[in-house]
Enquirer: 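Got a structure here, written out as structure tokens. Questions coming.
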Number of protein chains: 2
Amino acid sequence: MPKLGMQPIRKQALVNATIVEIGRAGSLDVTVSQIAKRAGMSSALAHHYFGSKEDMFLAAMRHVMTLYGAEVRGALAVADGPDARLRAILRASFSAGNFRREAVGAWLNFWVMAQTVPAARRLLGVYQGRLRSNLRACLRAHADGREIADGLGALIDGLYLREVLKNGPPDGAAAVATAMAYLDARLGK
Amino acid sequence: MPKLGMQPIRKQALVNATIVEIGRAGSLDVTVSQIAKRAGMSSALAHHYFGSKEDMFLAAMRHVMTLYGAEVRGALAVADGPDARLRAILRASFSAGNFRREAVGAWLNFWVMAQTVPAARRLLGVYQGRLRSNLRACLRAHADGREIADGLGALIDGLYLREVLKNGPPDGAAAVATAMAYLDARLGK
DNA sequence: CAGTTTGTTGATTGACGAGTCAATAAACTT
DNA sequence: AAGTTTATTGACTCGTCAATCAACAAACTG
């Protein structure tokens, strides 16, 4: 059965399975066997393509952040003017996709991983840097643009955390509204 | 050697050791033996006093939140007027103690735990509820007091996260300043 | 076709860890 | 003194899991 060119397919399947399993467990306490099984292969094969479990986690982290980045970019592509662009970023940040079990588990656990795994911290730094530069670009006209953008970045993370850990279903629209209220106040509108 | 009345001393020692070990590991991936050793006893004794590892984690979580609560209450006790009280809460939230390894590890991992352990989620809810009611009390005079308080609560968590995961030493004063800028804007000052 | 690369897995290794238990001992009780 | 409760641990059970390896198969190469 061995068809050639399996590598990228297998790797992608493993990355997806890793994200799903982290979401199911709510933690990084997932076994390579679980991941491999969900991806439809043996654990030995998983070790063959990724050297170690940590490599799988990092690849999964990269993928989650890539998805989020794509969502933001897509939203920005059709937004005209600084105001619309800010709203686009907020909507993308609090979209339903980011509140799925897998995404939530991924983000929370990547924060934990970033404490001790340098590669994870770097990845997180890249994501935060991009977000910050996007926000700053929208606020370049304003005198305190930098400070406002940095505060907004933190507010986004904080609101996400609250929505995710509260009881009941998360409400992305409410988070967007709170963030907009912050913006309106700081822009003197 | 068996002196009587060891229970509370042993339990407290285990709670402290649990927090330290979580901080060292950066995750909940700590063994009961590690914790027991740091607390100066056998792992069997740890199991004797707490039924399970999860019980130890929950006790540790309770303790961390109690400490934070005490810090806030202490700061509020000597603060006069809504403005000073708000600043007191912010300073307590971003005090050096909250940026120690153990505290950081505890908070990040408790967020993860709250995803799946109902008792952990309840504890977190209690803490957030108290913080919210404290903030609201300070903003009762203002028309949008509730919304401002809720936004500020999220901003505190988000700023904490950023300070904790950024490279370089965390800067509590900067976080306080950013939060104050948010407040000033929303209070129309 | 002979040889190499790529895909694939079952079985195994080697290690670790949560929780239990029996046993020992000091301290209180009656 | 006999009995009970509390403190304490070493040894053990039973399980798990990351990582390795040998071996087999299909596909490419020359």
Side-chain angles (χ1 to χ4, degrees), chain A residues 1-61 105 109-110 112-113 116-120, chain B residues 1-61 105 109 112-113 116-117 119-120:
Chain A
M1 300 113 181
K3 303 225 177 113
L4 289 208
M6 282 290 101
Q7 175 143 344
I9 290 122
R10 293 300 201 187
K11 278 192 144 187
Q12 189 55 54
L14 282 169
V15 163
N16 289 333
T18 301
I19 295 167
V20 171
E21 286 300 314
I22 289 175
R24 283 175 70 86
S27 73
L28 301 181
D29 226 339
V30 250
T31 71
V32 173
S33 296
Q34 280 168 23
I35 296 171
K37 186 175 182 182
R38 176 165 300 272
M41 72 194 81
S42 73
S43 72
L45 194 54
H47 274 103
H48 173 67
Y49 283 123
F50 291 92
S52 68
K53 196 160 79 154
E54 189 175 296
D55 283 347
M56 285 182 230
F57 285 159
L58 288 174
M61 186 168 174
N109 283 288
F110 292 160
V112 166
M113 227 196 311
T116 54
V117 182
Chain B
M1 302 107 184
K3 301 227 178 112
L4 289 208
M6 281 291 100
Q7 175 142 345
I9 290 123
R10 292 301 202 189
K11 279 192 144 186
Q12 189 54 55
L14 283 169
V15 163
N16 289 333
T18 301
I19 296 168
V20 170
E21 286 300 314
I22 290 176
R24 283 176 71 87
S27 73
L28 300 180
D29 226 340
V30 257
T31 71
V32 174
S33 296
Q34 280 167 24
I35 297 171
K37 186 175 182 181
R38 177 165 299 272
M41 72 194 80
S42 72
S43 72
L45 195 54
H47 274 103
H48 172 68
Y49 283 123
F50 291 92
S52 68
K53 196 160 79 154
E54 188 174 297
D55 283 348
M56 284 182 231
F57 285 160
L58 288 174
M61 185 168 174
N109 283 289
V112 166
M113 229 196 311
T116 54
V117 182

Enquirer: Can you check the B:M6 CE to C:dC28 P distance for me, whole Å?
Expert: 12 Å

Enquirer: Kindly give the heavy-atom pair with the smallest separation between A:R10 and A:A39, and that separation in Å.
Expert: NH1-O, 4.4 Å

Enquirer: Which part of the nucleic acid, if any, lies within reach of A:G5 when heavy atoms closer than 4.0 Å are counted: base, sugar-phosphate only, or nothing?
Expert: sugar-phosphate

Enquirer: Any non-hydrogen side-chain atom of B:F50 less than 4.5 Å from a side-chain atom of B:L58?
Expert: no

Enquirer: Which whole-number value in Å describes the distance from B:F50 CZ to D:dT8 C1'?
Expert: 16 Å

Enquirer: Could you give the NZ-to-P distance, from B:K11 to D:dT8, as a whole number of Å?
Expert: 14 Å

Enquirer: Respond yes when some side-chain nitrogen or oxygen of A:R10 is under 4.0 Å from OP1 or OP2 of C:dT8, and no when none is.
Expert: yes

Enquirer: Report which part of the nucleic acid A:Y49 touches: base, sugar-phosphate, or nothing (heavy-atom distance under 4.0 Å, all strands).
Expert: sugar-phosphate

Enquirer: Among D:dA19, D:dT8, D:dC28, which is the nearest nucleotide to the side chain of A:K53?
Expert: D:dA19

Enquirer: Taking all atoms of both residues into account, what is the closest heavy-atom pair of B:S33 and B:S43, and its distance?
Expert: OG-CB, 3.8 Å

Enquirer: Of the listed nucleotides (C:dA27, C:dA18, C:dT8), which one gets closest to any side-chain atom of B:T31?
Expert: C:dA18

Enquirer: Rounded to the nearest angstrom, tell me the gap between atom CG in A:L4 and atom P in D:dA25.
Expert: 17 Å

Enquirer: Taking CD1 from A:I9 and C1' from C:dT8, how many angstroms apart are they, rounded to a whole number?
Expert: 15 Å

Enquirer: Between A:D29 (CG) and C:dA18 (C1'), how many Å, whole number?
Expert: 13 Å

Enquirer: What pair of heavy atoms forms the shortest contact from A:V15 to A:A59, and how long is it?
Expert: CG2-CB, 3.8 Å

Enquirer: Give the rounded distance in Å between these two atoms: CD of A:Q7 and C1' of C:dT5.
Expert: 12 Å

Enquirer: Below 4.0 angstrom, which residues in residues 33-48 of chain A have at least one non-hydrogen atom near DNA chain C?
Expert: A:M41, A:S42, A:A44, A:L45, A:H48

Enquirer: Minimum heavy-atom separation for B:V117 and B:E54, please, with both atom names.
Expert: CG1-OE2, 3.7 Å

Enquirer: Is a donor on one side and an acceptor on the other found under 3.5 Å between the side chain of A:K53 and the backbone of A:V30?
Expert: yes

Enquirer: For a quick test of reading the model, state the closest non-hydrogen atom pair linking B:N109 to B:G26 and the distance between them.
Expert: ND2-O, 3.3 Å

